[in-house]
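I have placed the structure first, in the form of structure tokens, so that the comments after it can refer back to it.
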Amino acid sequence: MPMTPRTAQRFAHYSPEQRAISGRLQAVPNVGPAIADDLMRLGLACPTDLAGRDPDALYDALCRLDCRRHDPCVRDVFAAAIAFADGAPARPWWTFTPDRKAREAASRHGR
């Protein structure tokens, strides 16, 4: 998918190496320019760096890095990307949302 002018401006500062890293990360289903940027800021540089990761830990690290709570759907995108890197078939990120919501509800109820 081509970048919008606004998105292109956001990433115009990338060096050629950063553009290459972003491209590698965007090869993972569900990962677009913004998520690739988040993953790069978290220290990931290629799809294999996602394997075995904890999506909750990545999400929490991103929230701490930016000093704000991101939309929880970002966590679901991380989960989809990690599952793919772990060898699962590609699935839309929103298929990971019900599990997250169930775990959140269980933790609110002390389960």
Side-chain angles (χ1 to χ4, degrees):
M1 176 185 336
M3 282 196 231
T4 66
R6 183 176 178 186
T7 303
Q9 182 180 13
R10 177 178 172 190
F11 303 109
H13 68 280
Y14 275 11
S15 69
E17 180 184 358
Q18 288 170 312
R19 277 193 274 284
I21 292 169
S22 180
R24 284 193 300 270
L25 291 169
Q26 289 180 59
V28 175
N30 298 292
V31 175
I35 293 294
D37 183 61
D38 292 338
L39 293 171
M40 289 169 55
R41 292 185 310 117
L42 291 168
L44 289 86
C46 63
T48 57
D49 291 343
L50 289 162
R53 295 294 188 120
D54 177 349
D56 294 318
L58 282 180
Y59 175 77
D60 292 342
L62 181 64
C63 293
R64 282 192 308 275
L65 181 67
D66 293 338
C67 297
R68 71 179 182 90
R69 184 174 184 269
H70 286 267
D71 186 308
C73 293
V74 171
R75 184 265 175 215
D76 302 337
V77 175
F78 289 167
I82 290 166
F84 182 78
D86 286 343
R91 293 174 30 208
W93 64 265
W94 58 85
T95 64
F96 292 83
T97 302
D99 179 57
R100 173 184 48 85
K101 288 183 175 183
R103 285 185 302 103
E104 289 171 349
S107 70
R108 280 193 302 271
H109 295 94
R111 295 180 189 173

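In this chain, residues are counted from 1 in sequence order.
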With side-chain contact (heavy atoms from CB on, under 4.5 Å) as the test, would you mind laying out the steps for Ile82 and Leu58 before giving the verdict? CA-CA 10 Å; Ile82 290 166; Leu58 282 180; 3.8 Å; yes

Can you tell me which residue pairs pass the salt bridge (charged side-chain N to carboxylate O under 4.0 Å, His left out) test with a partner in residues 50-64, sequence neighbours excluded? Asp56-Arg75, Asp56-Arg103

Give a yes or no on whether the backbone of Ala80 and the side-chain of Asn30 come within a donor-acceptor separation of less than 3.5 Å. no

For residues 43-50, dump all side-chain donor-acceptor pairs below 3.5 Å to protein atoms at least two apart in sequence or in another chain.
residue, atom, partner, partner atom, Å
Asp49, OD2, Ala45, N, 2.7
Asp49, OD2, Cys46, N, 3.2

Spell out, as yes or no, whether a donor-acceptor pair under 3.5 Å connects the side chain of Tyr59 to the backbone of Asp76. no

Please answer: with hydrophobic residues joined when any side-chain heavy atoms are less than 4.5 Å apart, are Leu62 and Val28 in the same cluster? yes

Smallest separation among heavy atoms of Cys73 and Asp71, with atom names: N-OD1, 2.7 Å

In short, salt bridge (charged side-chain N to carboxylate O under 4.0 Å, His left out) pairs touching residues 15-31 with sequence neighbours left out are none

Identify the two heavy atoms, one from Ala61 and one from Leu42, that lie closest to each other, and give their separation to 0.1 Å. CB-CD2, 3.8 Å

Distance-minimising heavy-atom pair for Phe84 and Pro89: CD1-C, 4.3 Å

Applying salt bridge (charged side-chain N to carboxylate O under 4.0 Å, His left out), can you list everything that pairs with Asp66, at least two apart in sequence or on another chain? Arg41

Less than 4.5 Å apart, any side-chain heavy atom of Asp37 and any of Tyr14? yes

Between Gln18 and Ser22, is a side-chain hydrogen bond (donor to acceptor under 3.5 Å, both in side chains) present by the stated rule, with each step listed? CA-CA 6 Å; Gln18 288 170 312; Ser22 180; over 6 Å; no

Heavy-atom nearest pair, Phe96 first then Ala83, reads CZ-CB, 3.8 Å

According to salt bridge (charged side-chain N to carboxylate O under 4.0 Å, His left out), does anything in residues 78-92 pair up with another residue at least two apart or in another chain? List the pairs. none

